[in-house]
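Letters A, B, ... mirror the listed sequences (proteins, then strands); counts begin at 1. Values in this document were obtained by computation on a predicted structure and should not be read as measured data.
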Amino acid sequence: MHNLKEIRKDFDAFEKKMQKRSVDINFTKLKDLDLKNREFIQKKEALEKEKKDISKSKDSSLFSKSKEISSSIDKILEKQKIIKIDLEKILSNIPNIPHSDVPFGSSENDNVQIEKYGKIPRFDFKPRSHYELGENLKMLDFDLASKTTGSRFVFVKDKLAFLERALSNFMLDTHTLKNGYQEISPPLLASENSMFGTGQLPKFENDQFEVKLDVGMDRKFLIPTAEVILTNIVKNKILDLKSLPMRLVASTPCFRKEAGSYGKDTKGMIRQHQFYKVEMVSIVEQKKCLEELERMTNCATNILDLLELPYRKMILCSSDMGFSAEKTYDIEVWLPSEDKYREISSCSSCSTFQSVRMKTRYKDQKNEILYAGTLNGSGLAIGRTLIAILENYQKKDGSITIPKILRPYMNNLEKISLN
RNA sequence: GGAGAGAUGGCUGAGCGGUUGAAAGCACCGGUCUUGAAAACCGGCAAAGGGGCAACUCUUUCCUGGGUUCGAAUCCCAGUCUCUCCGCCA
């Protein structure tokens, strides 16, 4: 969310920056509502002052006047409430402003490749897709999942389940032992307010799984990413400068409705309602956002380097970035069966966008209170890493070689083949 | 599920109808002292919002939402969360 005070300073500049996002926002209405809102505040405060003076004077002859003032205040408050709701509604649906580094674009086709890494494997046979490989090994079972649950779920079995678990441990170990992240095992449900804080609500409610709890009225949602719960750890806080940067990592299941992607990636486990992901979150001084983004992205790509998987690094264009992001790098891993790169990690700086929503601040050296910068990135999506290993490490006979770095995590198993 | 207790500033914690935005301590910032540091001492120190070029000033906020009152951190009602005891249980 944007700080209205900042927007007000230069409405036109704000409008101009927002054009890069290609979203339609009623700026005139926003400006108008802000103006009216401030008028009401002034009227209200004048009356409040008057009332306060009466009560301080303890002059009983003025007490009835005070009652009258109270009712006028109520009337103003009522009108102001409507304006405030409108204002909030507009404001909370405005995305973050893209950083000047971000290329302008209208679709994912405008994302810009920064660099390619690793060697694309050559096969002397037609490489199979991960679902063919997994089903042949009898270790991926999509039919069983539709039987027990429904579409876009999968059973991962046997050695592939082992591999999945090994990946989680390997990634967590790397981030905690080498990259300075603190491991967290968080709740998988988030409150409505937490979902608002990171920007999933109110605009993207359709993508979220809401969970009905019997007691209480508070709404709860299954986390679509651990980003939600990790970032909201610092909600409503004024942090000590010494506690920054704060780096957190968690490996959790993630739940997404994938509304609006009907017919997309219906085969295989590229796009599921539930998947494991190792997520990194950093809370930093606002001026250190971009620096931290580079660091975080390197932490993500480092995992691919260690797994010896070929990938490329992309910078997302203005229209392909997430709602809360000011700048995003996508890491795409090579998938031989599709003969192309597919997203396996997304690292974003959200500047102060989320911290304004969450009210996360810190005191700098001068004791000034500033909004914190927040960043999040996958390090990596486990399901998709599993896919990448299956496809890139496949052999002609349908067996899978296990990447060397993972073997210590898998009882020194070297290869997965049909039992 | 049953019975109690509580929620106050960055933190700990007093206050239980009238300059209380809130004692005290810790933390933090500035200063004195010191070769430097620590200790000690002195001073400063809540946030959000509005107005003003500024100095500054006003309003709101003691979990949330209602209510009583001229006036609420303080009284009443509802909700949320936390803790203790009992029961149940992974």
Report, one line per pair, each donor and acceptor closer than 3.5 Å where one atom sits in a side chain of residues 85-92 of chain A; sequence neighbours left out.
| unit_1 | atom_1 | unit_2 | atom_2 | d |
| --- | --- | --- | --- | --- |
| Ser92(A) | OG | Glu88(A) | O | 2.8 |
| Ser92(A) | OG | Lys89(A) | O | 3.4 |

Please tabulate, for side-chain N and O atoms in residues 157-167 of chain A, each donor-acceptor pair with protein atoms closer than 3.5 Å (sequence neighbours left out).
| unit_1 | atom_1 | unit_2 | atom_2 | d |
| --- | --- | --- | --- | --- |
| Lys157(A) | NZ | Asp141(A) | OD2 | 3.4 |
| Asp158(A) | OD2 | Asn419(A) | ND2 | 2.7 |

**Request:** Any chance you could lay out the ring-ring contact (aromatic ring centres under 6.0 Å, His included) test for His273(A) and Phe255(A), step after step, and finish with the verdict?
**Result:** CA-CA 5 Å; His273(A) 286 312; Phe255(A) 302 89; 9.8 Å; no
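The NZ-P distance, from Lys44(A) to rG49(B), rounds to 13 Å in whole Å. Rounded to an integer number of Å, the gap from NZ of Lys9(A) to P of rG50(B) is 11 Å. Taking atom CG of Leu47(A) as the reference point, atom C1' of rG50(B) lies 14 Å away to the nearest angstrom. Regarding Arg8(A), its CZ atom lies at a distance of 13 Å from the C1' atom of rA48(B), rounded to whole Å. We find that CZ of Arg38(A) is positioned 20 Å from P of rU59(B), with the value rounded to whole Å.
Neither OP1 nor OP2 of rG18(B) sits under 4.0 Å from any side-chain N or O of Lys58(A). One finds a side-chain N or O of Lys242(A) lying less than 4.0 angstrom from the OP1 or OP2 phosphate oxygen of rC28(B).
Here the side chain of Ile41(A) is nearest to one of rC28(B), rU69(B), rG49(B), namely rG49(B). Comparing rU59(B), rA47(B), rU69(B) against the side chain of Arg361(A) picks out rA47(B) as the nearest. Considering only side-chain atoms of Lys52(A), the nucleotide from rG10(B), rG50(B), rU60(B) that sits closest is rU60(B).
Closest-nucleotide positions on RNA chain B for Ser70(A) and Asn3(A) were compared, and the one nearer the 5' end corresponds to Asn3(A). If Asp34(A) and Glu48(A) are placed on RNA chain B by their nearest nucleotide, the residue sitting closer to the 5' end is Asp34(A).
At a cut-off of 3.5 Å, with distance as the only test, a side-chain donor of Tyr329(A) or Glu294(A) sits close to an acceptor on the other residue. Counted by atom type alone, Thr401(A) and Lys395(A) present one or more donor-acceptor pairs between their side chains at under 3.5 Å.
Across rU68(B) and rC76(B), the matching P atoms stand 15 Å from one another, rounded to whole Å. Comparing the P positions of rG25(B) and rG13(B) gives an interatomic distance of 16 Å, to the nearest angstrom.
Counting only Watson-Crick or G-U wobble pairs whose defining distances are both under 3.5 Å, the stems of 3 or more consecutive pairs in RNA chain B are B:1-7 with B:80-86, B:10-12 with B:24-26, B:28-32 with B:40-44, B:46-51 with B:56-61, B:63-67 with B:75-79.
Remark: aromatic rings of Phe142(A) and Phe153(A) are distant, center separation not under 6.0 Å.
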